[in-house]
Structure formats: structure tokens, C-alpha cells
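Presented below is the structure to which this report refers.
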Amino acid sequence: MKKRILFICLGNICRSPSAEAIMKYYVKDRGLEEQYYIDSAGISGYHSGDPADRRMQSHAIRRGYDLTSLSRKFYPDADFSDFDMIIGMDDQNIRDLQRMATSEEEKNKIFKMTDFCQRFSYRDSVPDPYYGGDSGFELVLDLLEDAVEGLLDQLENK
Ligand code: 4NP
């Protein structure tokens, strides 16, 4: 059975679509495409149907990540049962997910992205880059690359 992973942020136009693209890239690189189903969603529906933020896209493509997914809202009823791991980008995402979970089983599927970081372990969230400058988008990519690598190492060593 495929491992089903859902990345969550607030708008699903910056951080979680990047996490999705980086995870897909690393999974392909390791020849594991048949073993993973990867998606992303937003706590808010403000940007539903929109492509990823242009600034995020331009920073990501320079590292070879093509952000193609369109924003969608997180749907607790479907997504808590459809996915094995639901990974939020910051503490507010985690609080929102915990609030929407309806059982211990659902709560146990919730993780924070930075918990998988190996190099950036001193940071406790992937900061929202939306209102900041270029360095915020680069930091998002640095943290996500680190966390995706840690996540895959953990899943594949099980
Ligand atoms: P994201 O960034 O959660 O990483 O997609 C944001 C995008 C849009 C907004 C906030 C955060 N917004 O308020 O519209």
C-alpha cells in the first residue's frame, strides 16, 4: 500500500505546495514513486483554485522544483481518513488540525514539518513567507529540503 502524505499550511500557495513538490522530487530521485501518494492543502480556502504564489514559484524553480499544484482547502472528513500523515508547517497549523480531529487515531496522524529537520533542528516552524522578502522564500526552501530528507529517511528506515 502507498504511504499517503498530506502537507498543510495556511493558504496552500507557498509552503505546503513547495513541500509537496520537494517531496515528489526526492521520492522520484530515490526511485520510490510507486510507494507514495503526496498532496497538499490549506487550512483556509482563501486561495482555492489558485496556482502557487509567483514569488514562491520563481524561487522554487531555481532549485528545480516545479510548483504545479492548485490550492485547495483541507477537508477534515475526507483528509483525516485518506492520509496516513498530515504534516503542518507551524504551530497554528497544528492547533487548527488538532481542533478539527475527531478521534485519537486522527490526532496521531498530525505532525509538524520541522520535527523532521536534521540540520535546522533549532527552528520550531517553517515561517510564513507571504508578507516578507526574498530571504523568507529561500529559508522556506532550505527548511523544507532538510525536513523532507529527514522524513524520507525516517519512513524508509522503518
Ligand atoms: P502559505 O502562505 O500558508 O505558506 O501558503 C500564505 C499565503 C497566503 C496567506 C497567508 C499565508 N494569506 O493570508 O492570504
Side-chain angles (χ1 to χ4, degrees), residues 3-28 36-101 106-107 109-152 154-155:
K3 298 179 183 99
R4 300 176 69 87
I5 316 259
L6 182 65
F7 295 107
I8 298 291
C9 63
L10 179 59
N12 192 213
I13 55 169
C14 294
R15 293 165 293 173
S16 61
S18 300
E20 176 187 343
I22 293 170
M23 181 80 174
K24 284 177 174 168
Y25 187 104
Y26 282 34
V27 158
K28 187 173 179 188
Y36 285 89
Y37 179 80
I38 301 152
D39 194 8
S40 65
I43 297 288
S44 87
Y46 301 147
H47 294 280
S48 278
D50 291 350
D53 183 282
R54 275 175 200 280
R55 298 163 297 171
M56 192 74 252
Q57 285 197 49
S58 73
H59 283 273
I61 201 74
R62 282 196 248 146
R63 300 193 191 194
Y65 310 121
D66 199 3
L67 305 190
T68 53
S69 72
L70 299 179
S71 177
R72 76 162 176 94
K73 194 173 176 355
F74 174 70
Y75 287 110
D77 287 354
D79 290 327
F80 271 120
S81 59
D82 284 352
F83 289 90
D84 304 312
M85 295 179 83
I86 298 172
I87 305 179
M89 296 295 142
D90 60 34
D91 288 329
Q92 187 59 51
N93 299 157
I94 301 300
R95 280 193 290 275
D96 290 336
L97 290 167
Q98 295 279 3
R99 182 175 42 77
M100 289 187 266
E106 291 183 357
K107 283 194 174 139
K109 293 183 174 185
I110 301 169
F111 298 87
K112 194 161 73 171
M113 191 62 171
T114 45
D115 290 345
F116 301 104
C117 280
Q118 293 169 322
R119 286 181 288 131
F120 288 90
S121 56
Y122 63 95
R123 289 191 179 274
D124 63 359
S125 72
V126 181
D128 185 346
Y130 194 66
Y131 295 104
D134 286 345
S135 63
F137 291 94
E138 288 298 311
L139 177 61
V140 164
L141 294 170
D142 288 340
L143 289 170
L144 292 178
E145 286 178 339
D146 186 20
V148 164
E149 198 166 342
L151 172 62
L152 261 180
Q154 185 172 313
L155 288 168

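Just so it is clear, the model here is predicted, and its values are computed rather than measured. In each ligand, atom 1 is the first atom listed, and ligand 1 is the first ligand listed. Side chains are part of it too, since the values below use all heavy atoms of this structure and drop only hydrogens, waters and symmetry mates.
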Check: Can a non-hydrogen atom of H47 be found less than 4.0 Å from any atom of ligand 1?
Finding: yes

Next item on the list: Could you tell me whether the side chains of H47 and N12 share a donor-acceptor contact shorter than 3.5 Å?
Entry: no

Next item on the list: Give yes or no for whether the N/O distance cutoff of 3.5 Å, strictly under, is met between Y46 and ligand 1.
Entry: no

Next item on the list: Examine the side chains of R95 and Q92 and answer whether a donor and an acceptor come within less than 3.5 Å of each other.
Entry: yes

Checklist line | Nearest-neighbour protein heavy atom for atom 11 (C) of ligand 1, which is reported as residue plus atom name and distance | finding: D128 OD2, 3.1 Å

Note to self: For D142, is there any backbone N or O sitting under 3.5 Å from a side-chain donor or acceptor partner on D146?
What the structure shows: no

Check: Does the pair D84 and I5 meet the rule for a side-chain contact (heavy atoms from CB on, under 4.5 Å), with working shown?
Finding: CA-CA 6 Å; D84 304 312; I5 316 259; 6.0 Å; no

Next item on the list: Considering only non-hydrogen protein atoms, determine which one is nearest to atom 9 (C) of ligand 1 and report residue, atom name and distance to 0.1 Å.
Entry: Y130 CD2, 3.8 Å

Notebook entry, point to check: Short question: side chain of R15, backbone of V140 - any donor-acceptor pair under 3.5 Å?
Noted result: no

Check: For ligand 1, is there an N or O atom under 3.5 Å from any N or O atom of L10?
Finding: yes

Note to self: Is the contact between D53 and ligand 1 made by the side chain, the backbone, both, or neither, using heavy atoms and a 4.0 Å cut-off?
What the structure shows: neither

Item checked: Polar proximity ligand 1 side, R15 side, N/O cut 3.5 Å exclusive -> yes

Check: Among side-chain atoms of D90 and N93, is any donor-acceptor pair under 3.5 angstrom?
Finding: yes

Notebook entry, point to check: Which heavy atom of the protein is the closest neighbour of atom 13 (O) of ligand 1, given with residue, atom name and distance?
Noted result: Y131 OH, 3.6 Å

Margin query: Considering non-hydrogen atoms of the protein only, which is the closest contact for atom 1 (P) of ligand 1, and what is the distance?
Written below: C9 SG, 3.5 Å

